[in-house]
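Reminder, nothing fancy here: chain letters follow the sequence lines and each chain counts from 1. What's counted below: heavy atoms across the whole structure, side chains too, no hydrogens, waters or symmetry copies.
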There are 2 protein chains.
Amino acid sequence: MDTTCDCGRCKHDICIHRVPIFSTLNEKEISNIAELINHHDYKKGEIVVSEGDSIDSIIIMNQGSAKAFKYTLEGREQILYIFAEGDFFGEKNLLSNQRATFFVEALQDIKTCSLSRYQFQKLLYKYPDIGIKIIDELGKRLSRLENSLQSMGVRNVDSRLGSLLIDFQEKFGVSVSEGTLIQLPLSREGMANYLGVARETVSRKLGQFEQEGIIRTINNKSILITDQDSLNMVAGSA
Amino acid sequence: MDTTCDCGRCKHDICIHRVPIFSTLNEKEISNIAELINHHDYKKGEIVVSEGDSIDSIIIMNQGSAKAFKYTLEGREQILYIFAEGDFFGEKNLLSNQRATFFVEALQDIKTCSLSRYQFQKLLYKYPDIGIKIIDELGKRLSRLENSLQSMGVRNVDSRLGSLLIDFQEKFGVSVSEGTLIQLPLSREGMANYLGVARETVSRKLGQFEQEGIIRTINNKSILITDQDSLNMVAGSA
DNA sequence: CGGACCATTGATAATTGTCAAAATTCGTGG
DNA sequence: CCACGAATTTTGACAATTATCAATGGTCCG
């Protein structure tokens with residue numbers, strides 16, 4: 001079975017192959033779906049979706065990462081998700097004509113695949129498994145958000161920042177001889193917006209972690225975790 | 001078509017009638033499903049589900065309300081949802097053997113309906129519409145959680161408390177001559193745990209709202225909203 | 001190399017948490 | 001229906017944390 005799609009860029013693998021919600025389908029089914037897919041490129045900083053847009057497609061991250069956010073009443077950005085490869089969004093608009101509930105902005109140059117609501121609904125009726133996969137995926141996303149809410153509820157900013165570093169570590173960390181190196185997807189301000197604290201507070205706390213020998217900051221863009229146990233401690237208790 | 005189920009308590013209407021996810025089904029289909037349903041009663045304060053439980057059913061609220069919560073690292077309760085009549089939970093355990101991710105506790109004496117995972121999966125394959133309904137409902141729940149997270153990011157406690165009152169108003173409010181009367185589902189402490197602030201702070205803020213003529217507190221259990229515009233202002237800005 | 005942008009640091013103010021005590025409310029049983 | 005004890009809530013004083021503002025210092029990229 002030929003798994004090369006005709007989109008002109010996923011040379012060795014159909015992009016939707018990477019998407020968990022299609023994982024129960026066989027090669028032929030995936031090939032059929034591939035033909036229904038549209039592709040888009042966005043540059044770093046470009047807005048993929050704006051809050052209030054009536055998008056009529058489900059959008060799948062094919063390459064790079066993006067942040068989903070809303071504005072708080074104070075005008076500050078509140079980040080909700082970091083979408084990485086294989087993640088999707090827009091499923092809320094699947095049946096209802098509900099509009100997009102948040103902004104999505106490319107954190108690097110990214111590539112997306114999209115599937116129209118109409119096509120997607122036909123798929124769902126044809127392959128109920130996909131529906132179950134989506135329910136499963138939405139459940140996971142709910143769990144993650146519930147965990148975020150739980151962390152936000154921790155009044156201690158140290159814990160919250162510690163948890164964020166661990167999250168990033170799991171998603172973007174690479175093992176090196178001295179510990180784990182994280183390529184930060186967000187600036188200090190971005191992290192502050194994720195945690196709901198002031199930019200300066202993030203600086204101070206990171207400075208404090210560095211003094212305590214837990215991390216080493218490298219050029220604003222990377223952080224080296226040098227003492228995993230202490231980080232777990234900070235994130236996990238007092 | 002007879003719509004009386006044999007559960008012995010929903011005399012005039014099958015309980016699942018109230019559940020949005022079954023709303024696309026006809027009377028006969030609903031009757032068939034009714035036979036598969038189990039019923040349970042819980043007293044106020046009883047735990048319906050504990051975090052870590054491996055529940056094998058989807059549970060539907062039939063009467064009364066319940067709170068879903070997790071414990072923060074500090075040992076404080078963080079409330080995630082208030083489930084009212086027609087809401088369901090346990091859908092995360094639908095396919096994966098994932099365990100319950102939060103506690104659910106009855107806020108009054110409640111009645112629930114449950115449907116085993118096995119039965120539920122069969123239904124999903126038979127009626128793909130139910131799957132779509134669930135995706136829709138989960139999408140709404142995600143939106144709500146995203147909004148909560150957004151509010152948690154608002155540093156201003158006044159706004160957050162104002163928003164909570166408006167939420168309660170929409171769910172539990174009754175119009176009276178002097179304004180809107182809310183039967184509070186949660187105690188002061190409960191509200192504090194929802195907002196992630198100290199109990200005393202909720203007291204003080206409510207006192208402040210009362211001084212400003214926005215609300216009138218009645219016996220700890222009810223609040224009368226006397227100045228809707230001001231409340232919207234507080235919730236919506238400064 | 002220079003300018004724009006981002007991050008850090010310091011000083012101060014504002015907000016909220018904590019602890020303790022008093023007041024109110026609730027529910028039960030007489 | 002009232003009274004009493006338990007539970008919850010309110011209030012006050014103080015401490016701790018974080019936000020804000022302003023100035024300085026670094027970093028990135030053409």
Side-chain angles (χ1 to χ4, degrees), chain A residues 43-45 67 72-78 107-109 151-162 164-165 182-212 215-223 234 238, chain B residues 43-45 67 72-78 107-109 151-162 164-165 183-212 215-224 234 238:
Chain A
K43 301 217 174 236
K44 175 178 174 175
K67 66 177 174 186
T72 67
L73 301 167
E74 296 153 329
R76 201 170 50 72
E77 226 177 81
Q78 175 66 50
L107 289 171
Q108 305 102 38
D109 293 0
S151 334
M152 290 291 277
V154 177
R155 306 199 192 103
N156 191 329
V157 175
D158 296 50
S159 302
R160 280 156 56 190
L161 182 55
L164 182 62
L165 290 181
I182 305 172
Q183 286 278 39
L184 295 173
L186 295 175
S187 64
R188 297 288 185 276
E189 178 154 27
M191 290 193 274
N193 288 339
Y194 208 158
L195 297 176
V197 299
R199 191 168 64 248
E200 294 93 329
T201 302
V202 172
S203 276
R204 280 185 247 269
K205 294 293 179 188
L206 285 178
Q208 178 191 318
F209 286 178
E210 189 152 16
Q211 281 225 330
E212 292 167 357
I215 63 169
R216 207 157 70 223
T217 59
I218 301 167
N219 281 353
N220 294 349
K221 289 266 178 81
S222 308
I223 284 181
V234 170
Chain B
K43 301 216 173 238
K44 175 178 174 177
K67 66 178 174 184
T72 67
L73 300 168
E74 296 153 329
R76 200 173 50 73
E77 227 178 81
Q78 176 64 52
L107 289 170
Q108 305 103 36
D109 293 0
S151 325
M152 292 288 277
V154 176
R155 304 194 195 106
N156 191 331
V157 175
D158 295 50
S159 303
R160 279 155 58 189
L161 182 55
L164 182 61
L165 289 181
Q183 285 278 38
L184 295 173
L186 294 175
S187 65
R188 298 289 185 274
E189 178 154 28
M191 292 194 273
N193 288 338
Y194 209 158
L195 298 175
V197 298
R199 187 170 64 249
E200 294 93 332
T201 302
V202 171
S203 276
R204 281 185 247 268
K205 294 293 179 189
L206 285 179
Q208 180 191 315
F209 287 177
E210 189 153 17
Q211 281 227 330
E212 291 166 1
I215 63 170
R216 206 158 72 224
T217 59
I218 301 166
N219 280 353
N220 292 350
K221 289 266 179 84
S222 308
I223 283 180
L224 179 68
V234 170

Selected nucleotide, minimal atom distance to A:Ser187 side chain, candidates D:dT27, C:dA7, D:dT9:
C:dA7

Rounding to an integer number of Å, can you tell me how far B:Leu195 CG sits from C:dG17 P?
10 Å

Looking only at N and O atoms, is any donor in the side chain of A:Glu200 or the base of D:dC21 less than 3.5 Å from an acceptor on the other one?
yes

Going from OG1 on A:Thr217 to CD on A:Glu210, what distance comes out if it is rounded to the nearest 0.5 angstrom?
3.5 Å

Specify the separation, in whole Å, of atom CD of A:Gln208 and atom P of C:dT8.
13 Å

Whole angstrom value for the distance that separates C1' of D:dA7 from CG of B:Asn220
11 Å

Separation of A:Leu184 atom CG from C:dC6 atom P, in whole Å?
15 Å

C:dA7 OP1/OP2 closer than 4.0 Å to side-chain N/O of A:Lys221
no

Measure from the side-chain N and O atoms of A:Asn193 to the backbone N and O of A:Gln78, and report whether any donor-acceptor pair falls under 3.5 Å.
no

Go through B:Leu184 and B:Met191 one step at a time and tell me if the side chain to side chain contact (heavy atoms under 4.5 Å, CB included) criterion holds.
CA-CA 9 Å; B:Leu184 295 173; B:Met191 292 194 273; 4.0 Å; yes

Of the nucleotides D:dT11, C:dT25, C:dT8, which has the atom closest to the B:Ser203 side chain?
D:dT11

With distance as the sole criterion, do the side chain of B:Arg204 and the base of C:dT18 form a donor-acceptor contact below 3.5 Å?
yes

Using whole Å, report how far CZ of B:Arg199 lies from C1' of D:dG12.
15 Å

Return the NZ to CG distance between A:Lys67 and A:Leu186, rounded to the nearest 0.5 Å.
6.5 Å

Counting just side-chain N and O atoms, does B:Lys205 come under 4.0 Å of either OP1 or OP2 of C:dT15?
no

Assuming nearest nucleotide by heavy-atom distance, tell me which of A:Lys44 and B:Leu206 is located more 5' along DNA chain D.
B:Leu206

Given C:dG17, is OP1 or OP2 found less than 4.0 Å from the side-chain N or O atoms of B:Thr201?
yes

